J.: 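Take a look at this one; I'll ask things after.
Because the structure is a prediction, the values reported are computed rather than measured.
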Amino acid sequence: MINEAEILEDIKNDSDEYRHVILGTHSFDPVFFESILLPLFRLKDAESILVLSDRVQYQERFLDMRSAGNEYYIDHCYASKAFHPKFAILLWPEGVKLILGSANLTKQEWFESGEIVGSLTHYFSKPDAQSERVLSEFRDFLSKLIEKNYIKSKKHRSKLSKVIENLPASHADKKFNVHLLHNIEKPILSQLEDIIDKPIKSVKIVAPVFDVDGSVFDFFIKKGCKKFQIFIQPDNVTGFPKKKIKNLLSQGCSVEISKISFKENKDRLIHAKIMILKTAAKSFCLYGSANPTFSGMLSTPKNGNLELCVLSRSKPGHYDTLVENDRMLIESTSVDDAVGDAVGDAVGDTADSPEPSHLKPESYDITIHDAYLDKKKLVLEIDKPPVSANIVLRHVDEESCTIPVNTQEKIFAIDLDDEQFVFCSKPTYVQIRLRKSQDESNRRWISTQTLELIPRKSDIEKLQLGGGRFGLISFLDKLEKFVDEPEWFYYHLSRFRLDDPSTLERGRRKYVLISDDGTYNERPPETDIVSAFKKKFEKSSEGIKKSLHTMTEFNRDEFESQFNQFLAWSKMVYWLNLRDEKYLNYLRFIRTGMEEFLVLLSRTKHDKTLQKYLSKINFWQHFLLLSFMTYMFQKKAGFLRTNPGVLRVFNETTTQMINTLDSDVTFTKDDFKSVVDEYSEFKNLEIDLDAMSRFYEDFERRFLKF
């Protein structure tokens, strides 16, 4: 049955998370996408969102894209005529969803017109040969886009590669009931001929676009088929082959033509493309992006469109109800009455129409193939060196920024100054203007780093699984880079509870989605952030002290919880100190925490289970490293000269720790490898183990065998 595409509900209900999202479309409605779909994908915590569109559509709707390159990536793909697939693939750790059919990324085709759309959801823990086969065929489709260089952008190809590597590889060659067909190397109908090995007795077609030569009818006539049923909307059909059909009738072929519409709304556009083919024993349904035209079904992208379709096989009569059902009004008509002499324009599907000449790549003296940010560099790939040119950066609101360049390279990087880099923090597109001729290149959206920097729900879940300790620094770095309001960032960070990483979600949502009440306050509440952090650490320290003091015998779960929390806020102290020396005094919370653990260990030192557990979690290596790193922070701040009393107190704690160690214990550098690796999250923190060895030798204890 031709039905409204309930794609949105399908996407909403399958998973709470979509890590990678790739969408293919011919027509693209940026307003619909950015207002309806993009917020949904952000809510689903998408890490990368890439829209692949037709090159003409990319240019025609260019200035309607308000978030391109920043909140999602967009690119156009090669095809001699039109990039025409309509698909969505959504990947998350547990599974993958593939949606494929006739609906472009427009509001009309997702909510209003009659479309045919298939959906497949595959869970990696539940192997299914049929779905694996289809996904492996889709994997081949994406791989061929890269292999044939149909997508020029290095950054965007890498996004495709991430999806490809998670899709099933080619399944065992056997007969399946569903196949995914693309025409990158072989026309759709040629592949259909390979799969259907019996004579085709009849063909039933529903489509909004034909070609006047009737090339698809010729194909089936040559294969021996002489029976056709055609369903059209006379006011919404393009290229209807009247002359060809009259010739077929004169040759004794059976050609039935019917006007089709929805009973509840006769004016509702039917945009679905359906072809039902019958052999003596089977029925096949071909649906997807391809219209029954030479460009759609009998070509490859070298001389026509790039298409993507599904071929499904079942028993005779199974697919007839897709067209003939109680929702549809079907009226028989003649060839002459089927459609007027004027050629109609099938709304949203002009793949076989002439391309506007001013949008052809050949109209540009220079073409930008790729534009993306790599840290503070703008990387451009072009078809030929510009020699002497101005790189013009623009926002949709006409703000601009110009950078002069002289280069003989096709791929080159421009170092951006702070002002230029900040300019590119908003959605920005680039053009090249040749100084000599003043000719301009095509426009291209710059793919920024914003998507990679957006903190994910999964980052917080990782924190929770690791007791708040693993992934903390990476999360804070990512959130800090993403946020352009430092006051808000530190305010929300000060409200973060070290014993409950989920409290970071409120701050994350503030930046990534919306604030709890749906608005953004202009300024954060008046708060002494430094004092707020002090209270936080005091409270955490008191909580650890209380827990450890009441532990009369070793309780593994409680000990692990407190140890993870202690390491988490020790890292937080270091992280704050690396940004601002006003947090130096908070190093004392690391010392007091260490002392509380040492008191517990002195009380339970004969507990062999505890001692074994301490070895398993590298307890002593962590404490030795913390003591040394704290000393290095204090030394760098000049405490040797200005605060010798503070150093003395810290040294007393270090001495207490050394005395608690077994007298015959020794450690090698290898013993510290995993512990040091845990601090590799810090971008600007160097750990010198040889210097640590010398530090402990000053305590007249050589237990580090470096």
Side-chain angles (χ1 to χ4, degrees), residues 2 102 114 116 187-190 192-193 196 198-261 266 269-287 290-299 304 309 311 316-317 319-325 328-346 349 351-353:
I2 300 174
S102 61
I116 181 164
I188 296 294
L189 290 186
S190 296
L192 184 146
E193 184 181 16
I196 304 175
K198 302 295 182 183
I200 296 172
K201 301 294 184 181
S202 67
V203 177
K204 186 178 295 187
I205 299 173
V206 181
V209 178
F210 295 79
D211 58 25
V212 292
D213 294 330
S215 54
V216 168
F217 294 94
D218 283 338
F219 174 87
F220 287 112
I221 290 291
K222 289 176 183 178
K223 301 303 174 186
C225 179
K226 295 186 177 182
K227 184 177 180 180
F228 300 92
Q229 283 182 279
I230 306 171
F231 299 84
I232 58 170
Q233 284 184 304
D235 294 333
N236 293 309
V237 65
T238 299
F240 191 71
K242 277 188 176 184
K243 186 176 179 180
K244 171 63 66 177
I245 292 172
K246 288 181 177 180
N247 287 338
L248 293 179
L249 290 170
S250 68
Q251 296 169 18
C253 294
S254 172
V255 184
E256 296 179 17
I257 304 172
S258 297
K259 294 188 287 186
I260 186 171
S261 61
K266 289 186 178 182
L269 173 69
I270 296 175
H271 182 249
K273 306 100 166 45
I274 303 173
M275 185 177 285
I276 300 170
L277 310 106
K278 295 180 182 180
T279 65
K282 295 289 182 182
S283 182
F284 297 82
C285 179
L286 180 72
Y287 71 90
N291 287 293
T293 64
F294 181 85
S295 294
M297 291 191 170
L298 291 164
S299 302
C309 295
L311 179 66
Y319 300 109
D320 290 340
T321 55
L322 285 171
V323 181
E324 298 162 287
N325 56 73
M328 310 309 297
L329 180 63
I330 297 173
E331 303 172 88
S332 179
T333 188
S334 66
V335 179
D336 290 323
D337 292 337
V339 62
D341 293 329
V343 177
D345 182 17
D349 203 334
D352 295 285
S353 304

J.: Look up atom NZ in Lys201 and atom SG in Cys225, then write down how far apart they are to the nearest 0.5 Å.
T.: 9.5 Å
J.: Strictly below 4.0 Å, N to O, side chains only: are Lys259 and Asp337 in salt-bridge contact?
T.: no
J.: What's the separation between atom OG in Ser334 and atom NZ in Lys246, rounded to the nearest 0.5 Å?
T.: 8.5 Å
J.: Report the residues that fulfil ring pair (Phe, Tyr, Trp, His ring centres under 6.0 Å) with Phe228, sequence neighbours left out, ordered by chain and then residue number.
T.: Phe217
J.: Is the backbone of Ile257 close enough, under 3.5 Å, to the side chain of Thr333 for a donor and an acceptor to pair up by distance?
T.: no
J.: Hey, could you give me the CD1/CG distance between Ile200 and Leu192, rounded to the nearest 0.5 Å?
T.: 5.5 Å
J.: Could you tell me which non-hydrogen atom of Ser258 sits nearest to which non-hydrogen atom of Ser332, and how far apart they are?
T.: OG-CA, 4.1 Å
J.: Which atom pair, heavy atoms only, marks the closest approach of Pro208 to Ala272?
T.: CD-O, 3.7 Å
J.: Test side-chain contact (heavy atoms from CB on, under 4.5 Å) on Phe231 and Ile270; report intermediate values, then the result.
T.: CA-CA 10 Å; Phe231 299 84; Ile270 296 175; over 6 Å; no
J.: Would you mind checking if Lys244 and Asp211 are paired as a salt bridge, meaning a charged N to carboxylate O distance below 4.0 Å?
T.: no
J.: So, for Gly239 and Phe210, which heavy atoms are closest and what is the spacing to 0.1 Å?
T.: O-CB, 3.3 Å
J.: Applying side chain to side chain contact (heavy atoms under 4.5 Å, CB included), name anything that partners Leu249, two or more places apart in sequence or on another chain.
T.: Ile245, Val255, Val335
J.: Start with the C-alpha distance between Met275 and Val203, add both sets of side-chain angles, then the distance that settles side-chain contact (heavy atoms from CB on, under 4.5 Å), and finish with yes or no.
T.: CA-CA 7 Å; Met275 185 177 285; Val203 177; 3.8 Å; yes
J.: Looking at every heavy atom in both Leu286 and Met297, which two are closest together, and how far apart are they?
T.: CD2-CE, 3.7 Å
J.: About how many Å separate CD1 of Ile274 and CG of Leu322, when rounded to the nearest 0.5 Å?
T.: 5.0 Å
J.: Specify the closest pair of heavy atoms between Ile205 and Pro292, including all atoms of both residues, with the distance to one decimal.
T.: CG2-CG, 3.9 Å
J.: Taking atom CD1 of Ile116 and atom OG of Ser102, what is their separation to the nearest 0.5 Å?
T.: 7.0 Å
J.: Cation-pi between Lys223 and Phe219: NZ/CZ under 6.0 Å from ring centre and within 45° of the ring axis?
T.: yes
J.: Quick one: salt bridge (Lys or Arg N to Asp or Glu O under 4.0 Å) partners of Asp213, sequence neighbours excluded?
T.: none
J.: Quick one: do Glu324 and Lys204 make a salt bridge, cutoff under 4.0 Å?
T.: yes
J.: Where is the tightest heavy-atom contact between Val323 and Met328, given as atom of each residue plus distance?
T.: O-CG, 3.2 Å
J.: Rounded to the nearest 0.5 Å, how far does SG of Cys285 lie from CG of Leu311?
T.: 8.0 Å
J.: Show the numbers, then the answer: is there a side-chain contact (heavy atoms from CB on, under 4.5 Å) between Phe294 and Ser299?
T.: CA-CA 6 Å; Phe294 181 85; Ser299 302; 3.1 Å; yes
